[in-house]
Amino acid sequence: MATSTSQHALSSIKLLSTGCLHPDKRNCRVLSVSVGRRCPSARNLGLLCASNSQSSVIEPVQLPRSPKSGVAPKKSGESALILIRHGESLWNEKNLFTGCVDVPLTPKGVDEAIEAGKRICNIPVDVIYTSSLIRAQMTAMLAMMQHRRKKVPIILHNESEQAHMWSQIYSEETKKQSIPVITAWQLNERMYGELQGLNKQETADRFGKEQVHEWRRSYDIPPPNGESLEMCAERAVAYFKDQIIPKLVDGKHVMIAAHGNSLRSIIMHLDKLTSQEVISLELSTGIPMLYIFKEGKFIRRGSPAGPSEAGVYAYTKNLAQYRQKLDGIVQ
C-alpha cells in the first residue's frame, strides 16, 4: 500500500490553474490570504504574487490587532500548514454518497492514513484540527502516531463544561508530550442531503448522469435538501479564518485532517481559485499537502514525497533544522 500511495504523492492535486506540486522554489506560487473582514482597523501589508510566468500585486493580508493594545500581533518567522484528506471510508469503497454520515475507514483507508503520517513525520505539528466525523479523526490520529517526535494526539472535549473538566490533564510534563486535537463540525464533509446512502451509479441511472454531475460538480447547485460546494465553503473558510489562521500567525504549526469538499474550499481560499477552477480540483485520499505561512503569505510546497527523501525537507531552513533536531532526539 505504501508503494502505491507513494506513486501518487506528487499527483495528489490536479489543478487547472498555474501552480506547483514540487518543492522546488522556482516553481512555487506565493499566495496571500485575508484573515477576515471583522477588523476594519487592521494593518494592511502589500504583497507580491509570483507565478511561473508573471508577477502581480494581489490583495494584502490583514493581521488582526490585539483587542487590548490595538497593535497588530508580531508575525512569526514561519509556520507549517498540513492538509490531509481522510483515507478511504467504508462508503467510499461501496461507491455510496457519504456526506455527513459518520462511517469509519476501511483497512485501505487505515493504510493511507499511516502512509500520510510517514510523509509528514519530520514536519513540526503543534495542533491538529479535524472534523466531527470519525473517518477524519481516525486519519488524524493514525497519521500523527507516525511522527518521529512521538507526541500523543489527544482530542479536546469542550462540548460541555463537564466534558471539559473530566478530560483535564493534571501533569505539565504529560501536557508537553501531547498534541491537542480540536474537532469542528464546520470542517465536516459537504452534506449531500437526500443523496446520502445512495449508490452513485444507481443514482445516475435514476436521475440521469447530467443531473447527478451537476449536483456533484457544480459550485452553487445543491442536491435535494443538501449543501452546494459554495455553502460548504462558507462555513469551512469562515472557521479557517477565525480559528486556524490566528494559530499560524502566532507561530503554531497546524495540521488539518478533513474531507474532500471542506479541504477544496480551504484550498480555493488559499490559492485564490475561481468557482470554475475549484470544481476541477481533485484531492487523493491520504495524501498530505504542505503550505508554509511566512510574513503574512501562504506558499504552497506540494506533497512531501516520502520520509527517506532528504531533499524534500530542505525547502525551508527552519524545516531542515527541525529535522536535524529530530535526528538528534531519535538517535
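Bear in mind the structure is a predicted one, so any value in this text is a computation, not a measurement. For reference, positions follow the sequence shown, starting with 1.
- The OG1 atom of Thr130 lies 8.0 Å from the CE atom of Met255; values are rounded to the nearest 0.5 Å.
- Clustering ILVMFWY residues whenever any of their side-chain heavy atoms sit less than 4.5 angstrom apart, transitively, puts Ile134 in the very cluster that holds Val110.
- The 12-atom threshold is not exceeded at CD of Glu161, counting heavy atoms of other residues, nucleotides or ligands nearer than 6.0 Å.
- Side-chain atoms of Phe293 and Val254, non-hydrogen and from C-beta on, never get closer than 4.5 Å to each other.
- Closest heavy-atom contact between Ser262 and Ala236: O-CB, 4.1 Å.
- The main-chain N or O of Ala113 is never found under 3.5 Å from a side-chain atom of Thr139 such that the two would form a donor-acceptor pair.
- Looking at Ser275 and Glu230, their side chains never come closer than 4.5 Å, going by heavy atoms from C-beta outward.
- One finds the CD atom of Glu93 at 11.0 Å from the CG atom of Asn95 (value rounded to the nearest 0.5 Å).
- Judged by distance alone, the side chain of Asn92 and the main-chain N or O of Ser89 form a donor-acceptor pair under 3.5 Å.
- No side-chain donor-acceptor contact under 3.5 Å links Thr98 to the backbone of Val101.
- Linking Ile, Leu, Val, Met, Phe, Trp and Tyr residues whenever their side-chain heavy atoms come within less than 4.5 Å places Leu187 and Leu229 in a single cluster.
- Nearest heavy atoms, Ile169 versus Ser178: CD1-OG, 4.4 Å.
- Ring-plane geometry between Phe207 and Trp215 is classed as perpendicular, the angle between the planes exceeding 60 degrees on a 0 to 90 degree scale with a lower cut at 30.
- Side-chain contact between Lys151 and Val125: absent, with no pair of heavy atoms (C-beta onward) separated by less than 4.5 Å.
- Ring orientation note: the planes of Tyr129 and Tyr239 are nearly perpendicular, at an angle over 60° on the 30°/60° scale.
- Under a cut-off of 6.0 angstrom, the local environment of CD in Glu159 is crowded, with over 12 non-hydrogen atoms contributed by other residues, nucleotides or ligands.
- Put simply, the residue from Leu281, Ile84, Leu283 that forms a side chain to side chain contact (heavy atoms under 4.5 Å, CB included) with Leu263 is Leu283.
- A tilted orientation is assigned to the rings of Phe97 and Tyr192, their planes being inclined by 30° to 60°.
- Between the Asn199 side chain and the Gln201 main chain, a donor and an acceptor come within less than 3.5 Å of each other.
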How far apart are the C-alpha atoms of Leu319 and Leu290, what are their side-chain angles, what is the distance that settles it, and do they pass the side chain to side chain contact (heavy atoms under 4.5 Å, CB included) test? CA-CA 12 Å; Leu319 288 185; Leu290 175 65; 4.2 Å; yes
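- Of the possible donor and acceptor atoms, one in the side chain of Gln146 sits under 3.5 Å from a partner among the backbone N and O of Leu142.
- Summarising the geometry of Ala116 relative to Gly286, their closest heavy-atom pair is CB-O, 3.1 Å, with the distance given to 0.1 Å.
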Show your working on side chain to side chain contact (heavy atoms under 4.5 Å, CB included) between Ile279 and Arg264 and close with a plain yes or no. CA-CA 9 Å; Ile279 62 177; Arg264 287 166 71 200; 4.2 Å; yes
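- Follow the hydrophobic side-chain contacts under 4.5 Å out from Val237 and you never reach Met231; the two are in separate clusters.
- Within 6.0 Å of the NZ atom in Lys94, the count of heavy atoms belonging to other residues, nucleotides or ligands does not exceed 12.
- The distance from atom OG of Ser284 to atom CD of Glu88, rounded to the nearest 0.5 Å, is 12.0 Å.
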Show the numbers, then the answer: is there a side chain to side chain contact (heavy atoms under 4.5 Å, CB included) between Val103 and Arg135? CA-CA 6 Å; Val103 297; Arg135 57 191 185 272; 4.2 Å; yes
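- Atom CZ of Arg206 sits in a sparse spot, with 12 or fewer heavy atoms from other residues, nucleotides or ligands closer than 6.0 Å.
- The shortest distance between side-chain heavy atoms of Pro180 and Asp126 does not fall below 4.5 Å.
- A 4.5 Å side-chain heavy-atom check between Ile292 and Glu78 finds at least one atom pair inside the cut-off.
- The shortest side-chain heavy-atom distance between Tyr219 and Met268 falls under the 4.5 Å cut-off.
- Between Ala136 and Ala258, the shortest heavy-atom distance links the atoms CB-CA, 4.2 Å.
- Summarising the geometry of Ile155 relative to Met141, their closest heavy-atom pair is CG1-CE, 3.3 Å, with the distance given to 0.1 Å.
- Other residues, nucleotides and ligands place no more than 12 heavy atoms under 6.0 Å from the CE atom of Met145.
- Comment: Arg119 engages Glu115 in a salt bridge, judged by a side-chain N to carboxylate O separation of less than 4.0 angstrom.
- Looking at Ile266 and Tyr291, their side chains never come closer than 4.5 Å, going by heavy atoms from C-beta outward.
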I would like to know whether Gln137 and His86 meet side chain to side chain contact (heavy atoms under 4.5 Å, CB included); could you show each step before the answer? CA-CA 8 Å; Gln137 295 177 18; His86 66 79; over 6 Å; no
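- The local environment of NZ in Lys209 is sparse, with at most 12 non-hydrogen atoms from other residues, nucleotides or ligands closer than 6.0 Å.
- Remark: Arg235 pairs with Glu227 by the salt bridge (charged side-chain N to carboxylate O under 4.0 Å, His left out) rule, at least two apart or across chains.
- Met138 and Ile114 fall within the same hydrophobic cluster, defined by Ile, Leu, Val, Met, Phe, Trp and Tyr side-chain heavy atoms under 4.5 Å apart, directly or through other members.
- You'll find the side chain of Asn318 stays beyond 4.5 Å of the side chain of His253, heavy atoms only.
- Lys150 is linked by a side chain to side chain contact (heavy atoms under 4.5 Å, CB included) to nothing, counting only residues two or more places apart in sequence or in another chain.
- Summarising the geometry, atom CE belonging to Met191 is positioned 11.0 Å from atom CH2 belonging to Trp185; distances are rounded to the nearest 0.5 Å.
- Screening Glu189, Arg190, Arg216 for a side-chain hydrogen bond (donor to acceptor under 3.5 Å, both in side chains) involving Asn261 leaves a single residue, Glu189.
- Smallest separation of non-hydrogen atoms from Asn188 and Ser131: OD1-CB, 3.1 Å.
- Going from atom CG of Asp102 over to atom CG of Leu133 covers 4.5 Å, rounded to the nearest 0.5 Å.
- Here Leu273 contributes atom CG and Ile267 contributes atom CD1; the two are 8.0 Å apart, rounded to the nearest 0.5 Å.
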Set out, in order, the CA-CA distance, both residues' side-chain angles and the distance that settles side-chain hydrogen bond (donor to acceptor under 3.5 Å, both in side chains) for Glu112 and Thr285, then state yes or no. CA-CA 7 Å; Glu112 289 175 334; Thr285 53; 3.0 Å; yes
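- A chain of hydrophobic side-chain contacts below 4.5 Å, direct or via other Ile, Leu, Val, Met, Phe, Trp or Tyr residues, connects Met144 to Ile123.
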